[in-house]
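Data block below; observations after.
Residues: numbered from 1 along the sequence shown.
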Amino acid sequence: MTTRREFMVGVSGLTFSILLEGCAATRETRERSGASLAQAPAGGARTVNAWASLSPDGTIWIVNPAVEMGQGSQTAIPLIIAEEMDADWSRVVIVPAAPDDKVYGNPGFRGLMYTAGSATVTGYWDVARTFGAQVRRVMMENAARLWNVPLAELSTEPSTVVHAKSGRRLGYGEIAAVAQLPAVAPAIKPEELKQPGQYRLIGKDVMRVELPGKVDGSAQYSIDVQLPGMLYGAVLRGPVEGSGPVAIDERRARAIPGVLSIVRMPFGVGVIAETPWAAFGAKDALEVTWDRRARAFGHDSARAPALYAAAARDLTRSGKPWDSAGDAPGAMQKAAKIYESEYLCDYTYHAQMEPLNSVASVSAAGDACEIWCGTQSQTMAVAAVAKALGIAPEKVKLNLMLLGGGFGRRGHRDEEFVVDSVLLSKEVKRPVKVLWTREDDVKNGRFRPLSVHYLRAGLDGAGRIVAWQHRVACDEITAFQDPVRYKGGGERDFLAMAGSELRTYDIPNRLAEQLPQQTGIRTSSLRGIGFGPNKFATEAFLDEIAVRHGLDPVDLRLQLLKNTPRGQAVVREVVAMSEYRRARPGRGLGFSFIDYSGTMVAAVAEASVDRKSGKITVHDFWLALDPGIAVQPDNVIAQTESSIIYGLGLSLTERISFKDGVVQERNIRDYGVPRLEDIPELHLKLLSTPNRPTGAGQMATPIVAPVIAAAVYAASGARVRHTPFLPERVLTALG
């Protein structure tokens with residue numbers, strides 16, 4: 001049986017093509033990083049490639065299967081391919097991949113084209129390196145044939161095959177002009193791939209390819225797209241998930257100049273107008289009576305924690321098991337000392353910079369569609385459009401744009417903001433750009449769920465943790481966001497439960513389980529997925545255990561990490577960086593460690609607490625991380641800084657509240673993102689080690705809340721167990 005990896009490596013014979021003389025890309029096209037292959041002249045070219053093309057002028061086209069939303073994936077995957085190709089990076093043009101899971105799917109996401117979870121580099125790592133090595137091998141084999149020399153005598157330099165004995169050299173472009181391509185891609189053994197010491201590109205600070213355009217303003221997002229005859233759309237959606245319009249009074253809306261059409265939709269009311277402002281005004285002028293049979297009506301986020309906590313604490317009620325080892329209940333009964341605690345995390349919103357938007361142009365017959373959008377999954381977007389129109393996915397053309405932030409919001413199976421534009425374009429038979437205002441984006445958001453965490457730990461007579469139980473009561477995420485993956489994964493809610501496992505720590509008996517709460521609230525993954533709330537609970541609980549049992553928090557982690565040298569290394573590094581043992585009068589230092597899917601992260605925060613107002617100020621933040629091989633070190637640092645700041649908002653200020661199932665916050669100011677004045681001094685140390693890359697884009701976000709909680713305790717003696725740590729909650733904790 002062919003494995004997934006073998007299929008991707010060998011698809012279409014050798015998975016690259018050569019552009020022959022007369023069909024080389026134009027200079028204008030080459031200079032546009034991200035240009036579509038369709039823009040390259042096709043006359044005389046061989047079969048369209050899957051991953052790369054070479055032209056006789058030396059240009060190398062490398063296909064990128066990931067999307068770019070500020071995290072650097074548009075550069076990272078082609079860079080890995082180019083490394084193993086030994087390509088001259090200055091001659092590389094990056095091309096977005098066609099929406100095709102079979103060819104470009106991420107092995108880290110079960111073969112789905114999906115950019116999320118810091119799983120892009122680690123997911124494509126083997127595939128990208130193997131393919132790049134295959135291209136290099138074919139270049140060398142062709143050079144050996146042309147020179148009639150043994151393959152073993154050849155080596156490569158950037159885009160050049162070298163025969164040292166004779167001093168001869170051939171550029172990849174020269175070889176491409178006369179190359180003979182094998183019918184089957186050459187087999188590459190793992191040991192034939194480059195070792196870290198041989199890298200020319202990986203591990204070096206190569207500039208991200210999209211940055212110049214972002215700096216000079218030429219970068220294009222879907223919100224920038226302009227088409228001839230284009231109209232503008234806005235949608236008034238039902239106040240809760242599953243509610244639709246019963247009666248619509250559209251008189252005031254139609255009176256607004258420029259309004260062309262009012263469209264009843266299953267989930268709301270659409271407006272089509274000549275200008276965005278007319279569409280927004282008409283949407284706000286609609287008077288709609290909504291169907292109130294949806295489950296979410298009646299949900300109150302102020303009352304929910306008590307219900308969730310009761311479910312989590314009811315040990316007679318079994319949860320859905322997520323992670324287990326040994327016999328946690330049995331070991332708990334035999335423990336010399338048992339500790340327990342409870343933690344709570346509020347609903348949170350993605351707050352991505354660019355509100356949702358999409359452009360669609362549906363054919364007059366409704367049998368084909370072209371879309372322009374930023375999405376975290378190209379194939380899910382295409383499938384959603386095809387389903388909405390009742391057409392084949394092959395009839396949908398996707399123009400993938402840059403994303404102004406994603407964080408999980410642009411990665412849902414239904415991609416509702418894209419479908420909005422498609423349905424409205426179908427209605428008027430003209431291109432339509434649908435824009436969500438920030439108010440729409442907040443009100444109609446999909447949120448990281450409210451969660452209550454009940455934890456118990458049993459210690460033996462020597463003070464070692466021998467039993468651990470973590471019960472999570474929360475709204476399910478995966479079942480709502482991606483029912484296909486939910487069913488395919490055995491109905492396990494990995495988006496909510498990831499991070500509740502403690503496999504790195506030496507705890508022999510563990511049990512993590514979920515108590516799903518059926519509320520009907522729209523839920524979503526959010527930067528850090530389940531690691532955010534789950535690691536807050538586990539690390540905050542470990543800090544409490546250490547203090548209550550007379551243990552040093554750092555020593556306790558080192559004891560638990562006795563079988564994880566990489567974990568110990570980041571702990572010792574951050575302790576040294578922060579001078580953790582040095583007292584700071586009036587301030588406290590907190591420490592935490594997490595293993596996020598193999599990326600080792602340790603952090604120390606220095607904080608103070610205003611006992612009158614309850615305001616927490618984080619003054620300094622130190623962090624050390626080991627993500628394995630850092631493909632782009634400077635970008636890893638940048639993403640980690642971003643990740644910390646994102647976590648700071650989730651920890652201190654950001655929350656969504658519901659009354660009668662309806663979001664109460666109206667705009668970004670109500671929600672509470674951090675300001676520049678709230679950002680501490682950041683001190684980061686990257687420990688790049690010769691291990692498989694394990695991700696870096698969101699790995700620091702989950703550690704922020706527990707490390708601040710520990711610092712607050714060290715500074716004030718108060719335990720904060722409810723994120724965000726709002727001043728009134730801190731005052732309550734202070735007593």
For this session: Run the numbers on Y596 and Q698 for side-chain hydrogen bond (donor to acceptor under 3.5 Å, both in side chains), then give the verdict.
Result: CA-CA 9 Å; Y596 192 138; Q698 62 187 27; 2.5 Å; yes
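- Nearest heavy-atom pair across I529 and A498 is CD1-CB, 3.9 Å.
- Side-chain contact between V631 and W125: present, with at least one pair of heavy atoms (C-beta onward) separated by less than 4.5 Å.
- Using a 4.5 Å heavy-atom cutoff, the side chains of V135 and W51 are not in contact.
- The shortest distance between side-chain heavy atoms of Q352 and L403 does not fall below 4.5 Å.
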For this session: Step by step, work out the salt bridge (Lys or Arg N to Asp or Glu O under 4.0 Å) result for E654 and R448.
Result: CA-CA 11 Å; E654 299 182 29; R448 190 188 76 180; over 6 Å; no
For this session: Any chance you could lay out the side-chain contact (heavy atoms from CB on, under 4.5 Å) test for I60 and W89, step after step, and finish with the verdict?
Result: CA-CA 9 Å; I60 299 172; W89 183 249; over 6 Å; no
Problem set entry | Check against side-chain contact (heavy atoms from CB on, under 4.5 Å), R136 and Y172 | CA-CA 9 Å; R136 176 176 176 268; Y172 284 3; 4.0 Å; yes
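- No more than 12 heavy atoms of other residues, nucleotides or ligands sit less than 6.0 Å from atom NZ of K387.
- Across all their heavy atoms, L526 and Y646 have their closest contact at CD2-CE2, 3.7 Å.
- Nearest heavy atom pair, residue Y221 against residue L402, reads CD2-O, 3.2 Å.
- Looking at every heavy atom in both residues, G374 comes nearest to S222 through N-OG, 3.9 Å.
- In terms of heavy atoms, V419 sits closest to D414 at CG2-O, 3.4 Å.
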For this session: With salt bridge (Lys or Arg N to Asp or Glu O under 4.0 Å) as the test, would you mind laying out the steps for E416 and R446 before giving the verdict?
Result: CA-CA 11 Å; E416 79 276 32; R446 298 183 171 195; 3.4 Å; yes
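- D440 places none of its side-chain heavy atoms less than 4.5 Å from the side chain of P355.
- A salt bridge links R692 with D126: the closest approach of a Lys/Arg side-chain nitrogen to an acidic carboxylate oxygen falls below 4.0 angstrom.
- The side-chain heavy atoms of P627 and T599, taken from C-beta on, include a pair separated by under 4.5 Å.
- Enclosure of atom NZ in K194 by more than 12 non-hydrogen atoms of other residues, nucleotides or ligands within 6.0 angstrom is indicated.
- Residues S524 and F447 form no side-chain contact, since every pair of their non-hydrogen atoms from C-beta on lies 4.5 Å or further apart.
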For this session: Give the C-alpha distance, both sets of side-chain angles, the deciding distance and a yes or no for side-chain hydrogen bond (donor to acceptor under 3.5 Å, both in side chains) between T701 and S643.
Result: CA-CA 5 Å; T701 297; S643 193; 2.6 Å; yes
For this session: Start with the C-alpha gap between V418 and T375, add the side-chain angles, then the distance that decides, and say whether side-chain contact (heavy atoms from CB on, under 4.5 Å) holds.
Result: CA-CA 9 Å; V418 180; T375 174; 5.5 Å; no
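- Counting only heavy atoms from C-beta outward, the side chains of I703 and K535 never approach each other to under 4.5 Å.
- Contact annotation: the side chain of S358 never approaches that of D420 to less than 4.5 Å [non-hydrogen atoms, C-beta and beyond].
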